[in-house]
Student: 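Supplied in C-alpha cells, the structure appears directly below.
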Amino acid sequence: MERRTAETLAAEALAWIAADQEILGTFMGATGVSPDDLRTRAGDAEFLGSVLDFILMDDAWVTGFCEASGRGLEQPLRARAALPGGENVHWT
C-alpha cells in the first residue's frame, strides 16, 4: 500500500474514532492526546500510525471501522505497515 493511501485510511479511522464517544475517550486516555492534539496532528503520518496501532488492538474496532468504511479487514494492518514505525521487524 502506498503511504498516501495509508494516510487517507488512517485519517478515516481517526474520524471513525471521533464519532464514537466511548472509543474516543478510550483513545484519548490510552494515548494522552488532547482535543487540540487531535486537530493539530491529524495530518501527521506518525500520529496516524498511532491511530491505526490503537484500532488494531481490538478485533471489534477493526471490524467496526472496516464495516463502516467499506474496507477489507486486512486494510488497517496493511496501512499501518506503510506508515512510519510500521515496518516489519526481524528479530532473528
Side-chain angles (χ1 to χ4, degrees):
M1 177 178 292
E2 292 184 19
R3 182 170 168 161
R4 189 157 198 79
T5 303
E7 289 176 0
T8 298
L9 184 143
E12 291 173 9
L14 179 58
W16 179 79
I17 290 170
D20 184 309
Q21 290 300 309
E22 184 177 338
I23 296 173
L24 178 61
T26 303
F27 176 72
M28 292 176 73
T31 61
V33 299
S34 69
D36 287 336
D37 293 332
L38 290 176
R39 285 186 283 280
T40 60
R41 299 198 61 207
D44 175 55
E46 289 181 11
F47 178 72
L48 291 172
S50 72
V51 169
L52 292 177
D53 285 339
F54 175 78
I55 285 181
L56 290 166
M57 291 187 337
D58 189 312
D59 289 344
W61 295 339
V62 172
T63 302
F65 166 66
C66 290
E67 287 177 356
S69 66
R71 295 186 179 271
L73 294 175
E74 76 288 348
Q75 293 295 301
L77 186 58
R78 289 184 64 218
R80 181 60 190 108
L83 294 173
E87 304 84 9
N88 285 332
V89 177
H90 299 282
W91 297 102
T92 58

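Because only heavy atoms are used, hydrogens play no part in the values below, and waters and symmetry mates are left out as well, while side chains stay in. Keep in mind that what you see is a predicted model, and the values were worked out from it rather than measured.
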Student: Between Ile55 and Phe27, does the side-chain contact (heavy atoms from CB on, under 4.5 Å) criterion hold? Intermediate values first, please.
Tutor: CA-CA 9 Å; Ile55 285 181; Phe27 176 72; over 6 Å; no

Student: Treating Ile, Leu, Val, Met, Phe, Trp and Tyr as nodes and any side-chain heavy-atom pair under 4.5 angstrom as an edge, say whether Ile17 and Met28 lie in one connected cluster.
Tutor: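 As far as the 4.5 Å side-chain criterion goes, Met28 and Ile17 are connected within one cluster.
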
Student: Quick one: does any side-chain atom of Ser50 pair with a main-chain N or O of Phe47 as donor and acceptor, under 3.5 Å?
Tutor: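 Checked: pair present.
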
Student: Report yes if the side chains of Phe65 and Pro76 come closer than 4.5 Å at any heavy-atom pair, otherwise no.
Tutor: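 They are in contact (side-chain heavy atoms under 4.5 Å apart), so the answer is yes.
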
Student: Looking at every non-hydrogen atom in both residues, tell me the closest pair between Ile23 and Asp20 and how far apart they are.
Tutor: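 Shortest heavy-atom separation between Ile23 and Asp20 comes out as N-OD1, 3.0 Å.
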
Student: Mind listing the closest non-hydrogen atom pair of Ala42 and Leu14 along with its distance?
Tutor: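 Shortest heavy-atom contact: CB-CD2, 3.9 Å.
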
Student: Taking atom CZ of Arg78 and atom CG of Leu52, what is their separation to the nearest 0.5 Å?
Tutor: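 Arg78 atom CZ to Leu52 atom CG measures 13.0 Å (nearest 0.5 Å).
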
Student: Group every Ile, Leu, Val, Met, Phe, Trp and Tyr by side-chain heavy-atom contacts under 4.5 Å, then state whether Trp61 and Leu38 land in the same group.
Tutor: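 Same hydrophobic cluster.
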
Student: Please say yes or no: joined through hydrophobic side-chain contacts below 4.5 Å, possibly via intermediate residues, are Val51 and Met57 part of one cluster?
Tutor: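 Same cluster.
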
Student: Between Leu56 and Val33, is there shared hydrophobic-cluster membership here, with clusters defined by ILVMFWY side-chain heavy atoms closer than 4.5 Å?
Tutor: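 In one cluster with Leu56: Val33, yes.
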
Student: Sub-3.5 Å donor-acceptor pair from the side chain of Arg80 to the main-chain atoms of Pro84, do we have one?
Tutor: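 Looks like yes, one N/O pair under 3.5 Å.
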
Student: Roughly how far apart are Arg4 CZ and Leu9 CG, rounded to 0.5 Å?
Tutor: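 Result: 14.0 Å between the selected atoms.
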
Student: Rounded to the nearest 0.5 Å, how far apart are CG of Leu48 and CG of Asp53?
Tutor: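 One gets 11.0 Å once the value is rounded to the nearest 0.5 Å.
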
Student: Which pair of non-hydrogen atoms, one from Ala45 and one from Arg3, has the smallest distance, and what is that distance?
Tutor: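 Between these two residues, the closest heavy atoms are CB-NH2, 2.9 Å.
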
Student: Heavy atoms only: give me the nearest Gly72-Cys66 pair and the separation to one decimal.
Tutor: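 Residues Gly72 and Cys66, closest heavy atoms: O-SG, 3.4 Å.
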
